[in-house]
Novice: 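I am attaching a structure below and will ask some questions about it afterwards.
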Amino acid sequence: MANCGVSIGGGDAYSIGAITVMRAYYKQSVGFLCSLIIVLTTQLFTASGHKYDTTKIFTPQFHLNISAYEKYSKLYLSPLFALSIGSGFARFTATLTHVALFQGSRSVVKNVKMDIHAKLMKSYKQVPQWWFLVLLVGSVALSLLMCFVWKKDVQLPCWGMLFAFGLAFIVTLPIGVIQATTNQYGSCSLLFAQLVGTLVAGTINLAVAWWMLGSIENICDVETLHPDSPWTSPKFRVTFDASVIWGLIGPQRLFGPGGLYRNLVWLFLIGALLPVPIWVLSKIFPEKKWIPLINIPVVSYGFAGMPPATPTNIASWLITGMIFNYSVFKHRKEWWKKYN
């Protein structure tokens with residue numbers, strides 16, 4: 001409950017933001033809510049503040065039992081979880097606006113500054129376009145096949161898979177532009193290494209996961225395991241909670257008209273507008289080279305890891321990054337080149 005005190009002793013802004021979200025959406029006193037809900041948890045809650053028992057709201061086929069859901073309780077998120085989801089909404093549209101304003105029709109690869117890593121990568125052969133097309137067609141075909149063959153297990157209709165591919169098609173170019181402007185390039189060797197690495201790692205990870213689930217007692221059961229146990233699986237707990245939000249209950253009941261978190265949808269609009277004043281200022285003050293470096297999509301990505309990361313993790317990351325990538329880079333550049 002220490003985090004309810006706005007990180008007493010630390011006072012970081014993320015905890016303040018979490019409490020702000022909490023007040024906005026629950027419309028209760030902060031003191032009452034701090035006794036009701038742990039602010040920075042990854043768990044889901046009932047209206048009374050108890051842990052949400054998903055077994056009470058789905059059918060034997062793992063579909064939502066609407067009458068049971070309405071009788072049991074609406075789903076309540078921790079303020080940190082709501083903040084993380086909202087930042088994702090803003091990040092989506094901010095990425096589109098940022099790239100449209102700052103890059104537009106320009107070729108990012110031609111305008112990007114060539115650092116030593118980029119110069120070294122130029123000695124490698126570029127990836128042929130048809131390689132990507134083969135991967136695209138193969139991925140789509142296998143994904144659709146999975147929807148038909150394992151329909152009961154996947155529970156995703158083919159149109160849902162196609163919709164996901166459509167969203168990916170929309171954001172791939174803007175995200176690629178941002179990656180290019182942060183000096184991330186691709187070559188045949190790199191693509192091959194990533195492809196093989198993905199296949200090998202994916203197969204091994206799946207095998208190890210199945211072995212762990214059957215061999216480690218009470219794995220991922222936070223209530224049963226000791227707090228210091230290495231098997232609490234905080235990241236996968238977030239994945240499970242996300243499947244409840246987006247899959248079992250569905251976004252319409254949470255973010256649609258009448259939903260508890262319907263106001264979070266406004267962050268799509270806010271995210272689209274945030275890069276605009278930065279772009280305007282960069283045009284008014286072209287001599288201020290630091291203004292175009294303010295990248296809203298990159299900044300907002302800091303919220304993507306919360307939860308399971310906490311504001312303390314993010315704050316320490318921010319401080320460390322500022323020290324080494326600003327102060328040390330500016331005053332001890334040779335040391336930075338060698339050790340950073």
Side-chain angles (χ1 to χ4, degrees), residues 61-64 85 88-100 103 105 107-109 121 124-182 184-210 235-236 238-252 254-256 265 268 271-272 297-298 300-301 304-305:
Q61 293 74 34
F62 299 103
H63 294 158
L64 178 65
I85 292 174
F89 294 167
R91 183 166 57 252
F92 178 83
T93 51
T95 300
L96 302 178
T97 305
H98 178 90
V99 172
Q103 274 74 39
S105 60
S107 173
V108 177
V109 176
M121 290 298 293
Y124 293 91
K125 185 179 179 181
Q126 192 70 15
V127 179
Q129 188 68 26
W130 66 268
W131 285 25
F132 294 105
L133 294 176
V134 170
L135 286 174
L136 174 62
V137 174
S139 299
V140 173
L142 290 175
S143 299
L144 293 176
L145 180 65
M146 181 179 65
C147 291
F148 286 107
V149 176
W150 291 285
K151 183 177 181 180
K152 293 183 178 180
D153 298 314
V154 176
Q155 296 185 4
L156 180 66
C158 59
W159 65 263
M161 185 65 70
L162 292 174
F163 180 74
F165 275 109
L167 287 178
F169 179 80
I170 293 173
V171 301
T172 293
L173 179 60
I175 291 176
V177 168
I178 291 178
Q179 288 180 333
T181 56
T182 53
Q184 298 183 31
Y185 290 83
S187 67
C188 292
S189 300
L190 180 60
L191 178 65
F192 183 75
Q194 290 179 327
L195 182 60
V196 174
T198 300
L199 292 174
V200 173
T203 304
I204 294 177
N205 286 342
L206 180 61
V208 172
W210 277 113
K235 185 175 181 179
F236 295 104
V238 174
T239 302
F240 170 78
D241 291 343
S243 70
V244 173
I245 295 170
W246 301 104
L248 180 62
I249 294 176
Q252 183 176 359
L254 293 174
F255 308 106
V265 178
F268 281 111
V298 173
S300 65
Y301 192 77

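Note that this is a predicted model, so its numbers are computed, not measured. For the numbers below, each heavy atom of this structure counts, side chains included, while hydrogens, waters and symmetry mates do not.
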Novice: Which heavy-atom pair separates Gln103 from His98 by the least distance, and what is that distance?
Specialist: OE1-O, 4.0 Å

Novice: Ring pair (Phe, Tyr, Trp, His ring centres under 6.0 Å) with Phe89: which residues, sequence neighbours excluded?
Specialist: Phe255, Phe268

Novice: Please report the closest heavy-atom contact between Pro157 and Cys147, naming both atoms and the distance.
Specialist: O-SG, 4.3 Å

Novice: Of all heavy-atom pairs between Leu195 and Leu135, which one has the smallest distance, and what is that distance?
Specialist: CD1-CD2, 4.0 Å

Novice: Please tabulate, one pair per line, all N/O donor-acceptor pairs under 3.5 Å involving side-chain atoms of residues 164-177, not counting sequence neighbours.
Specialist:
unit_1	atom_1	unit_2	atom_2	d
Thr172	OG1	Ala168	O	2.4

Novice: If you look only at distance, which donor and acceptor atoms sit under 3.5 Å apart when one is on a side chain in residues 203-210 and the other is two or more places apart or in another chain?
Specialist:
unit_1	atom_1	unit_2	atom_2	d
Thr203	OG1	Leu199	O	2.8
Asn205	ND2	Ala201	O	3.1

Novice: Which residues satisfy the side chain to side chain contact (heavy atoms under 4.5 Å, CB included) test with Trp130, sequence neighbours excluded?
Specialist: Pro128, Val134

Novice: Could you state the interatomic distance from CG (Leu156) to CE (Met161), rounded to the nearest 0.5 Å?
Specialist: 5.0 Å

Novice: Please examine the side chains of Leu254 and Ile85, heavy atoms only from C-beta on, and report whether any two atoms are closer than 4.5 Å.
Specialist: no

Novice: Can you list everything that forms a side chain to side chain contact (heavy atoms under 4.5 Å, CB included) with Ala90? Sequence neighbours excluded, please.
Specialist: Leu267

Novice: Applying ring pair (Phe, Tyr, Trp, His ring centres under 6.0 Å), name anything that partners Trp150, two or more places apart in sequence or on another chain.
Specialist: none

